[in-house]
Peer 1: 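Before we start, here is the structure in question, set down as structure tokens.
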Amino acid sequence: MSETTPAAEAAAPYRYTAQLAAGIEARWQDLWEREGTFDAPNPGGGELGGPAEITERPKKYVMDMFPYPSGAGLHVGHPLGYIATDVYARYQRMTGHNVLHTLGFDAFGLPAEQYAVQTGTHPRVTTEANIGTMRRQLRRLGLGHDQRRSFATIDPDYYKWTQWIFLQIFNSWYDPEAKKARPIDELVEQFASGARPTPDGRPWQEMTAAERADLLSEYRLAYASDSPVNWCPGLGTVLANEEVTADGRSERGNFPVFKANLRQWMMRITAYADRLLDDLDALDWPEAIKLQQRNWIGRSEGARVDFPIHYGGEADGDAKITVFTTRQDTLFGATYMVLAPEHELVEKIVPATWPEGTPHVWTGGHATPAEAVAEYRKQAAAKSDVERQAEAKEKTGVFTGAYAVNPVSGEPVPVFIADYVLMGYGTGAIMAVPAHDSRDFAFARAFELPMRCVVKPSDGRGTDPAQWDDAFASYEATIVNSSGNGISLDGLSVVDAKAAITEWLAGHGIGEGTVNFRLRDWLFSRQRYWGEPFPIVYDEEGVAHPLPASMLPVELPEVDDYSPRTFDPDDADTSPETPLSRNEEWVTVELDLGDGLKTYRRETNTMPNWAGSCWYELRYLDPHNSERLVDLQAERYWMGPREGQPAGGVDLYVGGAEHAVLHLLYARFWHKVLYDLGHISSFEPFHKLFNQGMITAYVYRDARGFPVPAAEVEEIDGRLVFNGEPVTREAGKMGKSLKNTVTPDEICADYGADTLRLYEMAMGPLDVSRPWETRAVIGSYRFLQRLWRNVVDEATGEVTVVDDEPDEETLRALHKAIDGIRGDMEALRFNTAIAKATELNNHVTKLRRVPRSVAEQMVLLVAPLAPHIAEELWHKLGHEESVAYVPYPVADPELVQDETVTCIVQVKGKVRARLEVSPAIPEDELEKLAVENEAIVAALGGAGIRKVIVRAPKLVNIVPA
RNA sequence: GCGGCCGUUGCUGAAUUGGCAUAAGCGCAACACUUAGGAUGUUGUGGGAGAAAUCCCAUGUGGGUUCGAAUCCCACCGGCCGCACCA
């Protein structure tokens with residue numbers, strides 16, 4: 001490694017060693033910082049303004065996903081993306097772009113709070129210390145960030161604007177006509193003028209303040225509501241749907257999550273479902289991520305259908321159950337209905353007694369419907385999502401005692417409640433078509449309900465569902481048994497039947513075609529200390545008032561105990577307690593909000609971790625603006641829509657795929673609201689998204705299965721051994737508990753930052769996960785040593801390049817490398833760029849005298865990848881300016897191609913001869929050469945030629961007769 | 001269960017549009033320099049046959065399309081990821 005014996009040092013005191021690299025790297029990092037080498041000017045004047053000659057260049061806005069400053073420090077996997085964006089940004093600078101690249105910190109959140117609780121210090125103290133550590137670790141890698149633009153989400157200057165955006169969202173509503181957010185005042189005006197009637201028809205002026213507030217809540221894009229939310233006693237907070245895993249546990253901490261009815265802040269992201277879906281098309285994102293977002297939004301086309309129902313006592317002829325279905329074509333096959341247990345209609349429809357002839361299995365053994373329903377609802381509520389998942393295969397439910405009417409067949413259909421119908425999706429009620437839906441099929445079998453086949457099975461199973469093993473759900477079939485009430489679907493295909501019945505339903509006023517989304521509104525409040533406070537206060541009547549912008553930021557108060565109150569993780573019968581509520585002095589506040597000085601109580605929830613990362617791409621552009629969240633001109637310059645980027649946005653956004661739906665969906669939503677309200681010109685935050693893979697590491701385990709320190713495992717005769725005992729190896733994450741952590745600091749110390757950068761980029765394609773292998777780092781180190789030696793004499797430190805013109809072969813090798821590397825850099829294929837640079841470097845190493853022109857171009861080629869050594873060599877070669885802005889080498893097209901190319905001649909696809917030909921050789925000439933070639937004649941063995949395929953100049957393929 | 005992605009050498013991985021499979025690196029081997037090598041350099045390194053030129057086989061398995069397939073299509077095997085009673 002880096003150790004060299006005194007003898008070797010004496011012989012080569014100027015060898016590129018880790019020690020030498022450390023000196024070079026520190027020196028250039030200091031200079032870059034001192035000179036502000038990577039400061040990117042905004043157009044125009046002001047603090048961040050810069051010369052027009054730079055701002056007139058094409059721009060590139062390159063971004064990493066916000067790091068969270070953990071207390072554990074970085075391992076070598078963390079900086080992978082940061083190195084990649086730095087290489088790309090440096091390349092873009094050298095190809096004439098004004099490049100904005102910086103890095104801030106996402107520093108609010110539960111881990112900081114938990115860490116602070118453990119260490120007994122204020123979250124701000126530990127968080128800021130962690131940020132300091134991370135800055136030091138990252139600085140050592142030589143990342144070319146514009147430090148003027150760096151900030152943390154916990155800075156009051158920053159979260160002031162997070163709160164401001166919240167107010168913007170709170171103070172707007174979504175106008176479905178205009179398909180955009182509008183200020184809530186415009187809605188108030190409509191109500192006040194009567195242009196829009198109030199729900200109960202009373203004039204707006206006659207409504208009380210509380211009534212008005214409630215009404216507006218139905219429209220605001222941020223609103224508080226009582227709704228079933230994910231309550232996690234173990235964490236002491238509620239969670240967004242996205243933060244709950246499929247088996248009903250918290251993503252962080254893996255605690256059980258329960259449904260609880262709590263008053264919480266929500267974001268009406270569902271209003272944007274269509275736009276969030278449609279605008280994906282114009283984005284340059286990995287298809288897999290787009291697909292995940294599409295699935296999460298979950299658009300499905302279907303119809304709403306009303307089923308008339310008569311219930312006890314009420315002579316209400318209009319009573320109905322509305323269902324959502326995607327299979328309206330099977331309406332004739334609906335033989336029963338199911339409501340979610342929590343459905344509000346349930347209480348109303350339950351009759352006093354079981355109808356005559358109610359089968360025993362339907363009643364659950366209860367004497368009255370009310371009893372049965374109450375008992376089932378109790379059971380369903382007590383079930384955690386985990387239990388519900390586990391029992392998903394077995395359908396449970398109970399008859400409500402009520403019958404509705406199938407609107408097309410006119411037949412009475414019994415109404416059940418069952419937990420396989422979810423309150424949160426569609427209308428919380430379904431029409432059950434057991435013959436053509438496998439869930440309904442299972443339920444119908446369990447409860448001995450009738451089935452009616454209305455889609456003729458195309459798999460030859462017959463039309464009697466009693467004989468079937470499962471429902472027939474295919475669309476590749478025609479409708480049968482579906483006539484009556486003035487409509488017939490018989491003989492139509494599924495698709496045509498859908499259209500026909502939808503039209504019929506609409507015409508009769510009992511349904512309409514509609515679109516339903518899986519996406520739900522975003523639960524936006526948390527019962528935590530370490531987050532942004534809401535800029536909201538409540539008056540005596542409990543009406544929420546937004547604070548004026550002049551009162552921002554609402555700073556976090558000191559509290560005695562900032563940990564959230566947590567409970568027994570399994571105790572669902574608990575409720576959250578916000579840490580901020582403990583500071584009574586802060587909570588109670590005297591304010592003049594326009595009605596004179598009054599007493600208000602502050603909102604004590606805080607915003608979720610995602611809030612700060614929802615808009616940081618905008619603040620980098622103009623981080624110190626105290627008047628606006630971002631200067632419009634700066635935003636338009638760096639992110640505005642343009643050719644090829646119709647929605648605008650960051651040019652390159654690099655981060656892990658784990659944020660596929662959460663952060664990326666939320667950030668897109670906020671961005672669109674800000675766009676609608678005219679604050680920005682782009683309507684998507686990130687034009688190109690790139691997911692980097694993970695650096696994994698080998699985990700070594702002993703016979704008991706415990707991890708052993710990876711660094712101390714030896715390979716003896718092909719067997720893996722630790723302390724003389726055999727161990728097993730597997731790929732895993734890198735982490736302390738697995739004893740396989742490798743830190744960037746140790747690699748920098750042993751080889752230097754340039755070697756680390758180069759190795760991480762050379763390991764493989766950026767988007768693929770791959771295992772770290774410390775022993776392979778030496779390869780990148782050798783590359784840099786050879787590069788160094790090609791320019792510098794290890795014994796004297798003198799530059800050894802000569803002013804000779806390079807020979808033809810070297811020249812062609814150089815230009816081929818330039819051409820290839822440029823393409824690779826552009827496409828983020830750094831691994832193959834390095835392979836090409838290595839080839840060139842190895843070629844040059846063999847030259848006895850290295851021409852200056854070749855050495856200089858080589859230094860420029862590797863400069864984005866290994867910037868410190870490149871600066872050093874560039875200056876040793878006699879240049880004064882930083883290599884950062886020197887134009888990247890350009891290939892001469894004449895020299896990219898060899899003077900002669902090897903043409904392969906195949907017979908029936910097998911290579912039988914090679915010809916050295918000019919790249920410009922005409923097809924017919926090449927064919928002639930090939931056909932006359934001795935080896936080919938021999939290979940043909942006298943057989944005639946059926947066909948000759950010529951792909952000049954590289955290939956001829958002869959097909960014998 | 002549904003959807004998506006991926007299987008190339010001892011290992012990490014290259015291969016532009018369907019056109020010489022295995023670039024580059026690690027490791028391994030030999031040699032040179034060296035008191036020494038865990039330094040550096042040079043050379044070799046998919047399998048099989050052969051003295052050699054060369055030939056045959058090989059991109060998870062089996063089929064197909066094509067003059068030609070790692071690449072396109074179908075089925076299967078193995079692995080990874082996402083969603084999961086979504087009506």
Side-chain angles (χ1 to χ4, degrees), chain A residues 1-5 7-8 11-12 15 17 246-247 286-289 291-292 294-296 298 300 302 323-328 330 338 388-389 391-393 395 418-422 424-433 437-440 442-443 516-520 657-658 660-661 698 715 718 731 758-759 762-765 768-780 782-783 785-786 789 794 820 823-824 827 829 831-839 841-842 845-846 902-911 914 935 946-949 951 954-960:
Chain A
M1 292 198 192
S2 65
E3 294 105 67
T4 47
T5 61
R15 166 168 292 179
T17 60
D247 57 353
E287 276 308 314
I289 300 292
L291 191 69
Q292 275 188 57
R294 289 193 184 108
N295 289 343
W296 189 265
S300 57
V323 303
F324 173 74
T325 178
T326 56
R327 292 303 302 271
Q328 59 269 40
T330 62
V338 184
R388 204 163 142 159
Q389 288 299 328
E391 296 161 12
K393 272 161 267 159
K395 295 283 178 285
D419 65 1
Y420 84 93
V421 172
L422 309 173
Y425 186 79
T427 60
I430 63 156
M431 64 176 211
V433 186
D437 179 284
S438 61
R439 294 154 301 181
D440 298 343
F443 189 87
N516 196 56
F517 293 93
R518 200 190 82 114
L519 183 71
R520 325 265 171 93
E658 66 273 19
V661 282
Y698 291 122
E715 196 173 339
L758 201 63
Y759 174 66
M763 285 172 79
V768 174
S769 294
R770 59 212 161 268
W772 176 266
E773 206 174 351
T774 298
R775 70 174 182 178
V777 173
I778 191 88
S780 300
R782 285 179 188 147
F783 169 81
Q785 286 189 324
R786 280 199 285 271
R789 234 184 349 257
E794 291 187 339
D824 289 342
R829 292 188 304 251
N831 55 328
T832 49
I834 292 168
K836 283 162 188 148
T838 307
E839 257 177 303
N841 195 35
N842 288 347
T845 300
K846 285 171 199 154
T902 307
C903 173
I904 53 157
V905 185
Q906 302 176 332
V907 174
K908 240 190 142 204
K910 297 216 159 103
V911 182
R914 290 181 169 79
R946 182 150 66 102
K947 196 174 171 190
V948 180
I949 294 125
R951 293 279 179 277
K954 291 179 89 173
L955 175 128
V956 178
N957 189 10
I958 298 167
V959 188

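So that the names make sense, note that chain A is the first sequence line, chain B the second, and so on, each numbered from 1.
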Peer 1: Classify A/R775 by what it touches in the nucleic acid, base, sugar-phosphate, or nothing, heavy-atom distance under 4.0 Å.
Peer 2: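 Sugar-phosphate: the residue A/R775, judged by heavy atoms under 4.0 Å, touches backbone atoms but no base.
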
Peer 1: Hey, is the main chain of A/G302 close enough, under 3.5 Å, to the side chain of A/N516 for a donor-acceptor pair?
Peer 2: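 No.
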
Peer 1: Quick one: on RNA chain B, does A/K836 or A/R327 contact a more 5' nucleotide (nearest heavy atom)?
Peer 2: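 Taking each residue's closest nucleotide, the earlier one in sequence belongs to A/K836.
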
Peer 1: Does A/N516 or A/R946 map to a spot on RNA chain B nearer the 5' end, using the closest nucleotide for each?
Peer 2: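 Between the two, 5'-proximity favours A/R946.
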
Peer 1: Contact class for A/D440 vs. all strands (heavy atom < 4.0 Å): base, sugar-phosphate, or nothing?
Peer 2: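 No contact at all - A/D440 keeps every heavy atom at 4.0 Å or more from the nucleic acid.
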
Peer 1: Scan A/A776 against the nucleic acid and name what it touches under 4.0 Å (heavy atoms): base, sugar-phosphate only, or nothing.
Peer 2: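 If one applies the 4.0 Å heavy-atom cut-off, A/A776 turns out to touch the sugar-phosphate alone, with no base involved.
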
Peer 1: If the C1' atom of B/rG60 is compared with that of B/rU8, how far apart are they to the nearest Å?
Peer 2: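 That atom pair is separated by 10 Å.
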
Peer 1: Here's one to test your reading of the geometry: is the NZ or CZ of A/K395 within 45 degrees of the ring axis of A/Y420 and under 6.0 Å from its centre?
Peer 2: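 A/K395 over A/Y420 ring: yes.
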
Peer 1: Identify whether any heavy atom of A/S300 sits under 4.0 Å from a base atom; if not, whether one sits that close to sugar-phosphate; answer base, sugar-phosphate or nothing.
Peer 2: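 Sugar-phosphate, no base atom in range.
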
Peer 1: So, does the side chain of A/K954 form a donor-acceptor pair with the base of B/rC20 at under 3.5 Å?
Peer 2: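 Not at all, since no donor on one side and acceptor on the other fall under 3.5 Å apart.
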
Peer 1: B/rA32 pairs with which nucleotide, Watson-Crick or G-U wobble, both distances below 3.5 Å?
Peer 2: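 Base partner found: B/rU40.
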
Peer 1: Base, sugar-phosphate alone, or nothing: which one does A/E287 contact when heavy atoms must sit under 4.0 Å apart?
Peer 2: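 No contact.
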
Peer 1: Has the side chain of A/Q292 got a donor or acceptor atom sitting under 3.5 Å from an opposite partner on the base of B/rG4?
Peer 2: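 Side chain to base: no pair below 3.5 Å.
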
